[in-house]
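Contents: one structure, followed by commentary.
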Amino acid sequence: MQFIDFKKEHFKEDEDSKDFVIEISKAEIGFGEISVKERKDDDVYHDADYEITEEAVKVIIRMKKPADIRVNF
């Protein structure tokens, strides 16, 4: 399993929903299963509260607040 780390600064706020989103190209992560872990204060990654929307060429990760995350694929 591979992963990509993102900092909370990578998130953009969706002005309509007030959620924070990251868009990732499927060319980067492939077409398999995706999971998201959030880095906590102890530098350990735990299950994150997120929503994924898959489109033809990208994946959109939506969270209520920005966080440092690891996307496993």
Side-chain angles (χ1 to χ4, degrees):
M1 181 166 272
Q2 297 179 351
F3 64 87
I4 301 174
D5 288 337
F6 293 95
K7 299 284 186 187
K8 58 184 157 190
E9 293 84 16
H10 289 110
F11 282 88
K12 295 179 184 171
E13 186 173 9
D14 180 327
E15 293 188 19
D16 295 331
S17 69
K18 300 300 182 198
D19 291 337
F20 292 87
V21 298
I22 289 180
E23 295 183 3
I24 308 169
S25 166
K26 284 192 174 181
E28 286 186 72
I29 61 174
F31 294 87
E33 190 170 321
I34 299 165
S35 68
V36 178
K37 303 283 187 179
E38 181 177 350
R39 188 169 61 110
K40 299 294 184 177
D41 293 334
D42 57 2
D43 286 337
V44 175
Y45 287 89
H46 299 275
D47 289 336
D49 185 18
Y50 65 96
E51 179 183 310
I52 290 184
T53 304
E54 291 196 40
E55 296 183 359
V57 296
K58 66 182 174 182
V59 172
I60 301 168
I61 299 173
R62 203 172 277 283
M63 298 179 72
K64 293 294 180 193
K65 62 179 179 69
D68 294 344
I69 61 170
R70 175 168 286 169
V71 177
N72 296 299
F73 55 95

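Owing to the predicted nature of the structure, the values given are computational and were not obtained by experimental measurement.
- More than 12 heavy atoms of other residues, nucleotides or ligands shown are found within 6.0 angstrom of CG on Asp42.
- Of the candidates Asp43, Asp49, Asp47, Lys37 forms a salt bridge (Lys or Arg N to Asp or Glu O under 4.0 Å) with just one, namely Asp47.
- Using a 4.5 Å heavy-atom cutoff, the side chains of Phe3 and Ser35 are not in contact.
- To the nearest 0.5 angstrom, Lys26 atom NZ is 7.0 Å from Ile34 atom CD1.
- One distance of note links CD of Glu51 with CD1 of Ile61; it measures 11.5 Å at 0.5 Å rounding.
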Practice problem: Tell me, with the steps shown, if Ile69 and Ile22 meet side-chain contact (heavy atoms from CB on, under 4.5 Å). | Solution: CA-CA 11 Å; Ile69 61 170; Ile22 289 180; 4.1 Å; yes
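- Rounded to the nearest 0.5 angstrom, Asp5 CG and Tyr45 OH are separated by 4.0 Å.
- Between Lys12 and Glu23 there is no salt bridge, since none of the side-chain N atoms of the basic residue sits less than 4.0 Å from a carboxylate O of the acidic one.
- Atom CD of Glu33 is separated from atom CZ of Phe73 by 13.5 Å, given to the nearest 0.5 angstrom.
- Heavy-atom contacts from other residues, nucleotides or ligands closer than 6.0 Å to CD of Gln2 number 12 or fewer.
- Val21 and Ile52 fall into different hydrophobic clusters, where Ile, Leu, Val, Met, Phe, Trp and Tyr side chains are chained together by heavy-atom contacts under 4.5 Å.
- For the atom pair Phe20 CZ and Lys64 NZ, the distance stands at 10.5 Å (nearest 0.5 Å).
- Residue Phe31 comes nearest to Ala56 through the heavy atom pair CE2-O, 4.0 Å, listed as atom of the first residue, atom of the second, then distance.
- Separating the CD1 atom in Ile60 from the CG atom in Asp19 is a distance of 11.5 Å, to the nearest 0.5 Å.
- Distance alone, capped at 3.5 Å, is enough to place a donor-acceptor pair between the Asp68 side chain and the Lys8 backbone.
- When each of His46, Arg70, Lys65 is checked for a side-chain hydrogen bond (donor to acceptor under 3.5 Å, both in side chains) with Glu38, only Lys65 meets the rule.
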